[in-house]
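See below for the structure under consideration.
In what follows, chains are A, B, ... by sequence order, proteins preceding strands, each numbered from 1.
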Amino acid sequence: MGVKINELVKEVKKVVTFENLLNKKIAIDAFNTLYQFLAIIRQRDGTPLKDFEGNITSHLSGLFYRTINFLENDIKPIYVYDGKPSSLKLDIIKERKDRKVEAKVKMEEAKKKGDIVGVRKFAQATSRLDSNMIKESMDLLDYMGIPVVQAPSEGEAQIAYMVNQGDVWASASQDYDTLLFGAKKLLRNFAINRTRKVGDTSVSLDIEWILLPKLLEKLDITQEQLIEMGILIGTDFFEGVEGIGQKTAFDLITKYKSIKKINENSLKVRGKIIDLDIEVIEKVKNIFLNPSVEKNYQSLKWKKPNFDKIEEFLIGKHNFSEGRVKNALDRLKKKESESMQTSLDRFFK
DNA sequence: CTCCAGTA
DNA sequence: TACTGGAGG
């Protein structure tokens, strides 16, 4: 899910185009992206794409085509995978699991009723990434020559570290959590710009660019206060306070400066006094302020794609259409010969 | 989500 | 050439 601070971020977000990102190294939250593909790449009846053996392939389709678009546009993606979740996250993980089971039941019900919209909606909510899907997505990226970084715990924390080290230019995720982890730059809707229809009108989803220092300046709060706001609203590591959304959290932090002070003032929200366990709060804050990250990750290198392996994997193993895959790979090959040409040109100058 | 063939 | 809707696996 991630912390909901979209309203607060609104005023500092900028729109960027693919051209603005030329030759930039962008770290992508792999789980976040794969889940998105899994939820969205489905048929009208809610069934995900599958190969002949019944293995789900929606995530591979999304990953493959989108990554090729990045390469074709001279963007250098790095995929960062989550590792072992913090013990504080386990409650949330269990809750999500329960919700998925619930969604499956609701999907069956909708199916019986012939409610097509409902079936699709609940089917999306059942999306699960298993270890084999994760492994295969890494294999595909490896064949494509894209660097992959395994985070010891939170991928978002790892990305924040890499951004702030200057090893990558920005973090790409739909969640705002990298901001809580302190990443200076965040990109949202990071994909080729496309119009998407909502109802009967089409809306274009721009790539959003958010600078953490700008956000803190605009809100006139510190990084620590941003984290405390996140805790009040709710993050993956703490459920938040019922009745407190982004607006209230911002007002409270602005007025009282800290959760500790908010506690001391016995403030009421929805008739209940806010009384948070400071010890727990400190633990959550510590996850954001001192996260477990891998500092000696492999140097980020983009290798030549192994075209044969990709074809064998997608066409041979997972029943992707030969025409589409070869077409996409041809775009890559063309890109390769172009860049070879420019480096030759440079050499002869 | 992204691709691609059909349409204006 | 730009756009749209249905299919992809």
Side-chain angles (χ1 to χ4, degrees), chain A residues 1-2 16-19 21 26 28-75 77 79 116-117 119-130 132-141 143-144 146 172-175 187-208 305 307 309-335:
Chain A
M1 262 302 123
V16 292
T17 62
F18 254 49
E19 291 80 68
L21 305 175
I26 313 283
I28 300 166
D29 182 341
F31 274 33
N32 186 285
T33 306
L34 293 173
Y35 266 115
Q36 224 93 22
F37 289 144
L38 220 46
I40 291 159
I41 305 180
R42 285 165 184 270
Q43 290 165 291
R44 229 90 36 86
D45 66 356
T47 331
L49 303 183
K50 291 175 184 172
D51 61 22
F52 291 165
E53 288 180 357
N55 303 305
I56 294 174
T57 53
S58 295
H59 57 305
L60 297 176
S61 175
L63 189 63
F64 176 64
Y65 293 118
R66 183 180 285 182
T67 304
I68 285 195
N69 279 334
F70 291 153
L71 298 176
E72 205 183 10
N73 286 277
D74 293 302
I75 287 165
Y79 287 85
I116 304 175
V117 180
V119 174
R120 195 183 152 75
K121 187 178 126 198
F122 293 123
Q124 283 191 185
T126 63
S127 304
R128 296 193 57 186
L129 257 184
D130 65 35
N132 189 51
M133 293 159 89
I134 294 163
K135 190 198 167 292
E136 287 211 312
S137 70
M138 286 179 171
D139 289 345
L140 176 60
L141 290 170
Y143 303 150
M144 294 176 79
I146 308 295
S173 173
Q174 289 308 92
D175 289 352
L187 291 172
R188 297 186 70 249
N189 305 332
F190 180 50
I192 62 165
N193 265 6
R194 259 191 64 84
T195 49
R196 204 167 66 170
K197 66 172 197 293
V198 179
D200 51 353
T201 49
S202 33
V203 194
S204 82
L205 272 187
D206 295 317
I207 302 176
E208 295 172 5
F307 295 103
K309 277 270 191 192
I310 297 171
E311 286 186 25
E312 184 193 319
F313 179 75
L314 292 179
I315 303 167
K317 191 169 179 201
H318 290 301
N319 308 113
F320 274 56
S321 130
E322 183 172 353
R324 283 187 178 212
V325 171
K326 288 204 163 151
N327 208 338
L329 293 180
D330 281 346
R331 277 156 56 202
L332 265 193
K333 284 175 186 161
K334 198 174 150 201
K335 190 82 213 166

Where does the angle between the aromatic ring planes of Phe320(A) and Tyr65(A) fall among parallel (under 30°), tilted (30 to 60°) and perpendicular (over 60°)? tilted
Categorize Gln43(A) for me: base, sugar-phosphate, or nothing, with a 4.0 angstrom heavy-atom threshold over every strand shown. base
Side-chain contact, heavy-atom cut-off 4.5 Å: Val16(A) with Glu208(A)? no
What is the distance, to the nearest angstrom, from the CG atom on Leu60(A) to the C1' atom on dG9(C)? 10 Å
Would you kindly give the CZ-to-C1' distance between Phe64(A) and dG9(C), to the nearest whole Å? 13 Å
What I'd like to find out is whether the side chain of Phe190(A) reaches to under 4.5 Å of the side chain of Thr33(A), using heavy atoms alone. no
Nearest whole Å is fine: how far is dG9(C) C1' from Met133(A) CE? 13 Å
Using side-chain heavy atoms (C-beta onward) and a distance below 4.5 Å, is Ile134(A) in contact with His59(A)? no
Restricting to non-hydrogen atoms, name the atom on Phe37(A) and the atom on Leu63(A) that form the minimum distance, rounded to 0.1 Å. CE1-N, 3.3 Å
Nearest-Å distance for atom pair CD1/C1', residues Ile40(A) and dG9(C): 17 Å
Find the distance Phe37(A):CZ to dC3(B):P and express it as a whole number of Å. 10 Å
Reported CG-to-NZ distance for the pair Asn55(A) and Lys317(A), which is rounded to 0.5 angstrom: 7.5 Å
Whole-Å distance separating the CD1 atom of Ile207(A) from the C1' atom of dC1(B): 14 Å
How long is the line joining CG of Asn69(A) and P of dC3(B), in whole Å? 5 Å
Tell me whether the OP1 or OP2 atom of dC1(B) has a side-chain N or O from Arg66(A) closer than 4.0 Å. no
What's the closest nucleotide to the side chain of Arg44(A) if the choices are dG8(C), dA7(C), dT2(B)? dA7(C)
Protein-nucleotide distance (Asn73(A), atom CG; dT2(B), atom C1'), rounded to Å: 14 Å
So Arg42(A), base contact, sugar-phosphate only, or nothing? Heavy-atom distance under 4.0 Å. base
Close N or O pairs between protein and nucleotides 4-6 of chain B (under 3.5 Å):
| from | atom 1 | to | atom 2 | distance (Å) |
| --- | --- | --- | --- | --- |
| dC4(B) | OP1 | Asn327(A) | ND2 | 3.3 |

Basic-acidic side-chain contact under 4.0 Å: Asp330(A), Lys326(A): no
